[in-house]
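To keep things clear, I will list the structure first and then write my remarks on it.
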Amino acid sequence: MSEKLVIELRWDPVLREWVMVSNIREHRPWRPSTFCPFCPGAPETSTGGSVLILENRFPMLVPNPPKVIPGEWPFIRAEAYGRCFVVVETPQHNLDDISDLPEEQIRLVVKELSKLFKELSKDRRLVYALWFRNKGEEIGVSLTHPHSQIYVLPYIPAKVFRELLSARDYWKEKNRCMFCDILVAELYSRERIVYENKSFVAFVPFWAHWPFEVHIYSRRHVGKLGELSENEIADLANILKVVLQSLKKVFEKPMPYIMVLHQAPLRGDYPFYHMHFEIYGMYRVSGKLKYAAGMETGGGNFTYDSTPERVASILREAVSRVLSRV
Ligand code: ZN
Ligand code: ZN
Ligand code: FE
């Protein structure tokens, strides 16, 4: 408790990426686990509405960060300017997943997010909004009330940065979008397609990293969530629901997963980028988690214990069970 509050960014000059450092958890009391801060009636939720976007109680980024001295190499710091939000996707506490919500409610979540991203893009110090969803006790999610998170960053996150570089190079060389071309190739092969509707396609990428990894691409070349039409938002809600429900069907029990939205940065021109979702279902076999262990965390390359083609066929079969509700 006596340690001073630190919320700052530290630059890793070896890997060339930022680390968010915050000891705020040591400064705020932990609450009893029986208390749900996202249920109607909790002080945080007093503003009402069926989708709530709240400030995270343990933010890594804040609108009024402590001043830091940039420092001299190799000890480079920056102010942790940004926002951390929690998206409470429904007032209902006793649901397992966002995919248990009706499609209309998922649509509402997407619309609220688009609105927020547009608002945030007016702040010139904010660079990127990352929406992600951590699901499952196995990966440390203790609050069961359906929720996801948004980190609004003063820089482009490392993985998206890498994608932007390869998409830009591809665009320069071929004058086409890399993601559009990947989608065409997957649709032509069909081997790894999991589910599709009028506006979106879900597939296991040829180079999947995680056991049940599914990517969802929009058919139309769209850079950001906020550019989707009404119909596309409805189709997005549909495909998210079907794909996430199918993850539960594979082993007939909820599968821990991480889902993330990759979209273009808040401002600036990125005509070569194409928004998509990435979902990493983490069971290798029923109840057994895949860990990012020595090779993955230490070496940076993944090992895959099956084939993406086989996993796609398992997921297609799960989708057909979801659609026929058996
Ligand atoms: Zn609750
Ligand atoms: Zn594209
Ligand atoms: Fe991506």
Side-chain angles (χ1 to χ4, degrees), residues 31-52 54 57 86-98 100-101 105 128-133 135 137 141-148 151 156-187 199-210 213-225 227-228 232 243 257-265 269-280 302:
R31 282 192 288 213
S33 57
T34 46
F35 173 78
C36 178
F38 306 151
C39 266
E44 278 93 339
T45 64
S46 58
T47 48
S50 77
V51 176
L52 290 177
L54 311 170
R57 260 173 57 83
V86 173
V87 184
V88 183
E89 295 152 345
T90 169
Q92 277 180 273
H93 180 84
N94 284 318
L95 284 177
D96 174 62
D97 188 32
I98 189 174
D100 296 318
L101 296 171
Q105 183 70 14
Y128 197 89
L130 192 80
W131 179 36
F132 60 91
R133 197 161 201 296
K135 167 70 173 60
E137 232 168 306
V141 187
S142 45
L143 274 168
T144 51
H145 196 129
H147 69 282
S148 46
Y151 274 34
I156 298 170
K159 196 165 189 176
V160 177
F161 191 77
R162 242 170 119 172
E163 290 190 4
L164 286 168
L165 291 183
S166 38
R168 189 197 57 188
D169 288 351
Y170 191 93
W171 180 272
K172 272 193 198 155
E173 195 190 327
K174 310 220 175 184
N175 242 305
R176 290 194 310 268
C177 165
M178 178 180 75
F179 300 94
C180 284
D181 280 6
I182 290 169
L183 185 56
V184 166
E186 288 292 0
L187 282 168
S199 315
F200 289 89
V201 180
F203 59 96
V204 180
F206 178 77
W207 49 83
H209 293 188
W210 292 94
E213 181 163 339
V214 179
H215 291 198
I216 299 175
Y217 283 21
S218 58
R219 290 188 197 265
R220 188 163 70 87
H221 181 71
V222 172
K224 288 182 200 174
L225 194 70
E227 295 161 23
L228 295 179
E232 285 169 329
V243 169
Y257 70 79
I258 293 168
M259 177 169 91
V260 66
L261 165 62
H262 283 166
Q263 58 177 342
D269 260 356
Y270 299 90
F272 47 82
Y273 200 63
H274 189 135
M275 65 154 269
H276 56 276
F277 284 82
E278 301 187 7
I279 298 162
Y280 320 126
F302 274 72

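Whatever order the structure lists ligands and atoms in, that order sets their numbers, starting from 1. Being a predicted model, the structure only gives us computed values, none of them experimental.
Judged by distance alone, the side chain of His221 and the main-chain N or O of Phe179 form no donor-acceptor pair under 3.5 Å.
Taking the Fe ion (ligand 3) as the apex, the angle formed with OE2 of Glu163 and NE2 of His276 is 140°, to the nearest 10 degrees. Taking the Zn ion (ligand 2) as the corner point, the angle from Cys177 atom SG to Cys180 atom SG is about 110° (rounded to 10 degrees). If you put the vertex on the Zn ion (ligand 1), SG of Cys36 and SG of Cys39 sit 120° apart, to the nearest 10°.
Side-chain atoms of Arg133 and Asp97, non-hydrogen and from C-beta on, do get closer than 4.5 Å to each other. Between Val260 and Lys159, the closest side-chain pair of non-hydrogen atoms is not below 4.5 Å. At least one side-chain heavy atom of Ser148 sits under 4.5 Å from a side-chain heavy atom of Val87.
The shortest non-hydrogen separation linking Phe206 to Glu186 is N-OE2, 3.5 Å.
The minimum distance between the Zn ion (ligand 2) and any N, O or S atom of His221 involves atom ND1. Within Glu278, the N, O or S atom at minimum distance from the Fe ion (ligand 3) carries the name OE2. The Fe ion (ligand 3) lies closest to atom ND1 when only the N/O/S atoms of His262 are considered. Taking the N/O/S atoms of His145 in turn, the shortest distance to the Zn ion (ligand 1) belongs to ND1. Distances from the Zn ion (ligand 1) to each N, O or S atom of His93 single out ND1 as the nearest. Nearest N/O/S atom of His274 with respect to the Zn ion (ligand 2) is recorded as ND1.
Checking Arg168 against Tyr270 by side-chain atom types alone, no donor-acceptor pair falls below 3.5 Å.
Ring centroid separation for the pair Tyr273 and Trp171 does not come in under the 6.0 Å cut-off.
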